[in-house]
Every structure is written in C-alpha cells, then in structure tokens.
Amino acid sequence: MARPRTGGRCASGATAAMIDNRYRHALPIAAVVLGFVLQVFAPPARAQSPLPPGPLGGTSRAGEVKTAQTGGNGAGVYLELGDLRCTAARPAIVGVRTRHGTVLDFIQIGCASLACDGKSCRWDDVSWGASAGNPSGGRAPEEQLCDRDEVVGGYDATVRHLNVGVDFDYAAAFRIRCASAYALTHGSPRPRIDTYAYKANSRSCNGVGASAVSYAVGRWGLGGSPVVQAVLMLCPDRPARASSDVAACRHPPELVRGTRVQLNSARDVYKLISSLYRTGRPIEVARVASLQNTWMVALAGTESGVKQANSVTLDRALDDFHSDYRSRNPAGLVKIGIEEILQQPKLREFFMTTVEPDFRSSQGKTTMFQVRILQALRTHGVPAGARLIIAGHSLGGMDAQNLVRNAQLRNYGYRPINVMTFGSPITVEDDPAIGYSRFASRADPVPYAALRSLVSDRSRWTYVRNPGDDPRLPLIGDTRAWQNLGNLLIGTVQAAHLNYDQSNDLDDYDPRTGRRGVDEPLVLDGGDARCYAAADDYYK
C-alpha cells in the first residue's frame, strides 16, 4: 500500500492512527481470506475422512494377489475403501462401465455366468453389479466388454497429478484387458477361469481372470466431488494346477550335501540346470541358504514333448498328419497342398508350442514359459522383496533375460540381482542394476540366433571350451567326406550346445555372479527346492 503524503512531509500522528485503524480492520478480513484458502486448498480434515492415502491394503482375501495400483499416492485422504466382486451365480468379470471427466469418476463391474465344455468357456449376457464413485460424475457412461469367449484379466490406466504445493495422485483413463478363457475345475464344481495372452503388462493377473476390483474413493481437487482416486485388480494366486506339475527336484548326487545343495562354481550351476531336462519340470525355485532373503531360479531350455511350454515333437506331429492323410486318401490319389499341411492340428500345435516360443523369446517378447515362471514363484511362496538369482540354458537363458525386464516381476516385489546364461543369445537390453554373465562355446551357434546378438559386442560373452570346440575334419579323398563332415558338424554343434557341464573352464567362475574367481559356494536349501512344469495347457 502507498504511504499517504501531506505536503511532501511525513503523515501526522492523527494520520498514523488512521493508518493503524485501517490495518486493524484489514486483519480480520485477511483472516477470513486465509481461512477460505485453507478450506478450499487444504486436504480434507482427518476427522471427516480418517483413511490416509497410499497402497490399497488389507482388502485381498486368502489366495488372492494384487496387481500394481493406479492412483492414491501423495497427499489427501480416502473417503471409502472397498472391493467390487461378482456373485457366485455370475462369477466372471467380463467388462466394466465407467464415467470419466478429468479423472475416473465412476466404475462398475459387469458379471456373467459361463458355460464351459471342459476346454473353452463362453458367456451369454452381462449384468451390471457393484460400483464405486459418483454415478452422475464425468461424461456419459462408457461400457467396455470382453468378447464372449474372454474375461477381464488386467487393465491399463493413466495417472493424473494435481500439484498445488502438495501432490494428489488420481486414476484417470481406464481400459480393460481381455484374454481367452477356459475352465479347470480342480475338483471343484466352480470352474476356475484361466486367461492366456502373450502380452503381459504391469497391471495383469498374469494367467488367471480377475476376481475383484479394489478401489478407493477420494475427492477430486481439494474438497470437490467424490471420484475413484485409486484402483487395482485382485487375482487368484493359483497353486500348481495338478499334483504332477510340481515335485521335489532330483539333484545331481555330486552337488548334494545332506539337506543342502552346494554349487561351487558356474559349472555346478549348469549341472543343476541340466538335471531339469527329461523330467517334465524345467523350472526350479529354491531358497538360497547362504544368502539372506534370496532365491535361485534355474531354467532348462527347449525340450519338445515333455510337458514344457514346448509340448509337441515334430516327429509326433508328422506321424499324426501322415496317419490322418492315409486314412482319408487310402489310394494316395488326392494331392495335398502346403496350406492344408499347415492347417493340420498337430503340425500347427508343434509350431505354436515349440517354434513360436523360441522365436518370441529370441525377440525379447513374453511367452507362456515366462508366465509359468512367474506362477511358480507365486506358488512357491517367494515373498515380496526377495532377491533373485536366475540362471538358464538356451531358451531358459533367453527367458531369464526377458523375465527380469518383465514389469510383472517387479510388481510382485521381486528384485533380480544376477542373471547367468549358458548358450543363449542376447534378447533384450541389459538392466544396469543387474549383473549379467553369459557363457558361450565358440562352436555353439545358438548364442547368435537373435538379431540383437548379431550386432552385439562379442565381449558381452565369456567364451569357454566345450567338448565340441575342436572338430576333426575328414581326410581328403575320403569318398564319404561330405557325409562325415556333415555328421561331425552336427555332432560338434550338439556337443558344444549341450555339454557345458564338461567345460573345465567354468570351474573358474563364481556360482553367484558368474564372474571369474570363486569366492564362496552358493548353497541351496534342498528341502525348499521344488521343480515346476511349464506346459501350455491350451495345447494339451
């Protein structure tokens, strides 16, 4: 405020008193203004809304796990917490109805009953069930429904921040993710709805249909109308699907020390992985007894026909095709084209369960093998916050690299610390927070079976000698030289790719980190170790 002037001199005492009176009148006015500002811009009082913001805790039932949460961080308070669930008569969540303005104002789940034929399920009609938020807020309601043979298995959402000195975090755009559904009864009259989609995302139930939507209602802005401020999905924490899918592991005798499994070098790590072949359970999860809060995951590679993610051999597929062809064309008079060959169920199954997983993994994409690994960790009871050492051979090494970059692994709270691969290509960019060790034989072509590997610096591998590294060439003049050479090269590749356990060079590398120099052994709790199947049930 400008100071009053009188003939260029300072104000008299009377004028000063008048000024003081003005300020005395201004004080209550300022207090009113300040109170108005605090009322509008301050978070609501806890006496009115005693629920603090943050993670949606304490809402999941036994046997349920949570996806990542959207919204609900920062300042402010929740007005209401709850879950949106379908009824037992209409158990499947098949869609949502939402209202959006600037943020997510309202959400309601759509429920349906399912008719299942033992493999696939369909729903016919939807009923709109439990809801949360302001049913008249935002724009006109939007219905999002899955296809008739799908259920809700995850969601995508954005977050809107309102920052007025303190940060308010709100769920905004919300889109469901749907995936194919089929039923497994597991001895229960109520079918479990399992969803299968290759695209894993940060808010996915990762293999099972969502059982509920957990929400928190807050106020939009500072004292505004109620909205759905935070949301996540609750998912069944599926146990092993059958008794044969999980069992105690059969470890090489030379590694067993009473109730412990002792790995003295990287060579022993490969021996552990190699013992998973020909068992039908290519995934091992075991607690590390020599390190606090640490588990080891060992992964075998491609092995067709043994209940792996790869489940059908080419020979079996061809035999089934030829048998079917002969039964339909006994005289052999009808020629068959390549299109019909590729449409044969067993051949298509072979490519989908054997060729496709390897190809997708080499590109760094999610496969059912990765989903099974995540499910094995949950079934095993590995706690959130646990550190993971992941080691794999061939396909197992590819998915070890892909798994540590999978957002769902972090959403479960797991912290991978080391990745060790044997005879595997580079599939994704390394995470700088994780240690990597890649072992390869110079005669093993598999480490170069991915585009990223071909353009990568060779220093990213540690080359070790395998039995197939020094092939003997056939003698010149031998009439069967080319055949011998072909057989020798095939044998060389197989020896180089499959016999890392015979490489003495690996004895010089640490079993925990894969770095040169063995400091101390990696000791596993044999009583905690379990081996898990990785079959893609859709193709059984």
Side-chain angles (χ1 to χ4, degrees), residues 67-68 150 153-156 175-180 194-208 235 282-283 297 299-304 308-312 342 348-378 388 390-412 414 416 419-434 436 438 445-456 460 532-539:
T67 67
E150 294 179 332
Y155 74 97
D156 290 322
R175 308 296 301 180
I176 60 172
R177 282 185 173 269
C178 303
S180 300
D194 291 347
T195 61
Y196 289 93
Y198 280 120
K199 290 184 178 179
N201 59 82
S202 62
R203 294 168 179 84
S204 166
C205 282
N206 227 356
V208 292
C235 315
I283 303 168
V297 181
L299 306 171
T302 303
E303 187 181 11
S304 298
Q308 197 172 317
N310 336 76
S311 62
V312 180
L342 294 178
R348 187 170 65 250
E349 185 177 350
F350 167 74
F351 284 104
M352 290 295 291
T353 63
T354 302
V355 176
E356 200 229 20
D358 286 271
F359 180 68
R360 289 184 63 86
S361 293
S362 70
Q363 294 181 312
K365 297 181 179 179
T366 304
T367 65
M368 287 311 304
F369 195 9
Q370 285 182 55
V371 173
R372 296 291 180 252
I373 298 166
L374 288 165
Q375 290 172 345
L377 290 167
R378 299 299 302 177
L388 301 180
I390 308 177
H393 171 243
S394 194
L395 172 66
M398 288 192 278
D399 278 320
Q401 298 170 75
N402 298 339
L403 184 67
V404 299
R405 302 308 300 262
N406 190 316
Q408 189 64 49
L409 188 78
R410 305 304 178 101
N411 292 337
Y412 283 158
Y414 301 138
V419 171
M420 196 179 306
T421 69
F422 301 85
S424 303
I426 298 173
T427 58
V428 291
E429 281 301 314
D430 292 352
D431 185 330
I434 298 173
Y436 291 82
R438 297 181 173 91
V446 178
Y448 307 104
L451 178 61
R452 192 179 293 275
S453 286
L454 294 176
V455 299
S456 294
R460 297 178 71 178
Y532 297 85
D536 187 346
D537 290 332
Y538 184 81
Y539 296 105

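As the structure is a prediction and not an experimental result, all values here were calculated from the model. When a residue number appears, it is its place in the shown sequence, counting from 1.
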Legend entry - Of all pairs that satisfy salt bridge (charged side-chain N to carboxylate O under 4.0 Å, His left out), the ones with a partner from residues 396-410, not counting sequence neighbours: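 Residue pairs passing salt bridge (charged side-chain N to carboxylate O under 4.0 Å, His left out), neighbours aside: Arg410-Asp431.
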Inset, instruction - Assess the side chains of Gln375 and Arg372: does a donor N or O sit below 3.5 Å from an acceptor N or O? - result: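 The answer is yes; a qualifying pair exists.
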To the nearest 0.5 angstrom, please state how far the [atom1] atom of [X] sits from the [atom2] atom of [Y].
X      : Y      : atom1 : atom2 : answer
Tyr414 : Gln408 : OH    : CD    : 10.0 Å
Gln401 : Glu429 : CD    : CD    : 10.5 Å
Arg177 : Glu150 : CZ    : CD    : 12.0 Å
Leu388 : Tyr412 : CG    : OH    : 13.0 Å
Lys365 : Met398 : NZ    : CE    : 14.0 Å
Leu299 : Met420 : CG    : CE    : 12.5 Å

Write down the atom of [X], the atom of [Y], and the distance for their closest heavy-atom approach.
X      : Y      : result
Asn406 : Leu374 : ND2-CD1, 4.1 Å
Gly397 : Thr421 : O-CG2, 3.6 Å
Leu395 : Phe369 : CD2-CD2, 3.8 Å
Ala400 : Val419 : CB-CG1, 4.2 Å
Arg452 : Thr427 : NE-O, 3.3 Å
Thr67  : Cys235 : CG2-SG, 3.6 Å

Should [X] and [Y] count as side-chain neighbours, where that means a heavy-atom distance under 4.5 Å?
X      : Y      : answer
Val428 : Val404 : no
Val446 : Ser424 : no
Leu409 : Ile373 : no

Inset, instruction - For side chain to side chain contact (heavy atoms under 4.5 Å, CB included), just list the numbers for Ile176 and Asp156, CA-CA rounded to whole Å, side-chain angles, deciding distance to a tenth of an Å, and then say yes or no. - result: CA-CA 6 Å; Ile176 60 172; Asp156 290 322; over 6 Å; no
Inset, instruction - Sequence neighbours left out, what passes side-chain contact (heavy atoms from CB on, under 4.5 Å) with Ala450? Give chain and number order. - result: Ser362, Pro425, Ser453
Legend entry - Residue list, side-chain contact (heavy atoms from CB on, under 4.5 Å) with Ala376, at least two apart or on another chain: Ile283, Val285, Tyr532
Inset, instruction - Using the ring of Tyr155 (Phe, Tyr or Trp, six-membered ring only), decide whether Arg175 places NZ or CZ under 6.0 Å from its centre and within 45 degrees of its axis. - result: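 The answer is no; the distance or angle limit is not met.
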Legend entry - Asp430: salt bridge (Lys or Arg N to Asp or Glu O under 4.0 Å) partners, not counting sequence neighbours: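 Asp430: salt bridge (Lys or Arg N to Asp or Glu O under 4.0 Å) contacts with Arg438, Arg460.
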